[in-house]
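As the structure lists them, so they are numbered: ligands from 1, and atoms in each ligand from 1.
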Amino acid sequence: MAKFSSSSATRSVVDKYKFKFSKSLGQNFLTDDATVDKIINGANITDEDYIIEVGPGIGTLTHEMSKRAKKVVAIEIDKKLIPILEDTLSECENAEVVNADIMKLNIKELIDEKFQGNKVKLVANLPYYITTPIVMKFLEENIPVTDIVVMVQKEVAQRINAVPSTKDFGALSVAVQYYCDTDIVAKVPRHMFYPQPNVDSIVIGLRVRPYKKYQVENEDMFFAVVKASFGQRRKTLLNSLSSMGVLDKETIRKILAKVEIQETRRGETLSLEEFAKLSNEIFSQTKN
Ligand code: SAM
C-alpha cells in the first residue's frame, strides 16, 4: 500500500469514512511524510523493536512503523477509528490495534501478553490533553521501556528539555530528567496536521537510563521537595521548604548549609544533583 500520510491521502481516508473529528480526544492527524520519517528515525526503529503507539488515529505512523519494527501494538480509544484502521492497516501483519483508554490500561500486562515481556519503545503522536499523564505513567510504573519518542505540544517539549535557571525549568523537567536523557528530534509546525491545531509541536526523545544517575534515598521525599521548591517560584528555597511542614525553619537552614546550597536561592536554580542531595539530607533528618 502506498503511504497515506500525505495531506491528500489523510483527507481522502477521512472523507471516505465521513469521519468526524473529536476535539476533546485531541484528534489532529499528521499529514506530512517527512515528519513520519523523522519520528521513526528519531526512535531508531529496527526489525528487533517492539513498539507501543498511543493513538494511531487513521494509522499513518502505525503503517510506516510496521515496515521497520518487529511488532507494533497501537492503543486507540475511539471506537469509530477501529474499522478505518482495519482497512488502512490491512496489509500490516505485525501491527495490532487495541481499542482502549491508555490511562486505564495495565501496560505491564499488555507488554507480557503482546511482547512476551520484552523491552518496548513508545512512539506516538500523543493526544495533547493527556501528554504528561501518559509520559509519567510509562516512567513511574517501572515499564520496560527504553525510548519514548513522542510528538507533544511545543511548550511541553521545551519544559521537559529545560535546564536549571531558565523560565521553562520546573517540576516536569526534573520529573522526566530524573529517569531520562532528553533531546529534541524535530520541530513540527501546526500546518502539518489536519485539522490544524492552534499550537506548534515538537517531537521529543526521552532515552530512559538503564541505571540510576541520581542517588536518591527516598523518591517520595525527592518529589515532595521538588514540588515544594517549585510551588511558589518567587519564594526562597528556605521559605518554600518550610512550607512543606516537615521540618522547622532552623533545621532546614542547617540542612541547606550542610549541603552547601544558599538559603536565598530559588527552586528553579537547583540542578538535579542538588535536589537529590537536599532531599537525601531532609529524609535522613526526618527519620531521626
Ligand atoms: N497517530 C495519529 C497521527 O499522527 O495522525 C493520530 C494522533 S492524534 C494527535 C491522537 C490520537 O489519540 C487520536 O487518534 C485519539 O483518538 C487518540 N486518543 C485520545 N485519547 C486517548 C486515550 N486516552 N487512549 C488512547 N488513545 C487516545
Quiz item: Ignoring hydrogens and geometry, is there a side-chain-to-backbone donor-acceptor pair from Ser173 to Arg159 under 3.5 Å?
Solution: yes

Exercise. Indicate yes or no for a side-chain donor-acceptor contact from Arg209 to the backbone of Lys213 under 3.5 Å, with no hydrogens or angles considered.
Key: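 A pair under 3.5 Å: no.
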
Quiz item: Do you see a donor-acceptor pair shorter than 3.5 Å between the side chains of Asp87 and Tyr17?
Solution: yes

With heavy atoms under 4.0 Å as the rule, classify the contact between [X] and ligand 1 as side chain, backbone, both or neither.
X: Ala100; answer: backbone
X: Ser22; answer: neither
X: Leu81; answer: side chain

Practice problem: Would you mind finding which of Ile58, Asp101, Asp32 brings a heavy atom closest to atom 23 (N) of ligand 1? | Solution: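 Closest candidate by heavy-atom distance is Asp101.
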
Exercise. Ignoring hydrogens, just give me the one of Val152, Thr10, Thr60, Leu25 whose non-hydrogen atom is nearest atom 19 (C) of ligand 1.
Key: Leu25

Got an N/O contact under 3.5 Å between [X] and ligand 1?
X: Ile102; answer: yes
X: Gln27; answer: yes
X: Leu126; answer: no

Quiz item: Are Lys67 and Glu64 within salt-bridge range, i.e. N to O under 4.0 Å?
Solution: yes

Practice problem: Would you please determine whether Gly59 falls within less than 4.0 Å of ligand 1 on a heavy-atom basis? | Solution: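 False for this residue.
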
Practice problem: Please confirm whether Tyr129 comes under 4.0 Å of ligand 1, counting heavy atoms of the residue only. | Solution: yes

Looking only at heavy atoms, what is the nearest atom pair of [X] and [Y], with distance?
X: Gly267; Y: Leu237; answer: CA-CD1, 3.9 Å
X: Leu105; Y: Leu110; answer: CD2-CD1, 4.2 Å
X: Val120; Y: Phe115; answer: CG1-CD1, 3.6 Å

Self-check item: Glu53 neighbourhood, listing ligand 1 atoms whose heavy-atom distance to it stays under 4.0 Å
Solution: 1 (N)

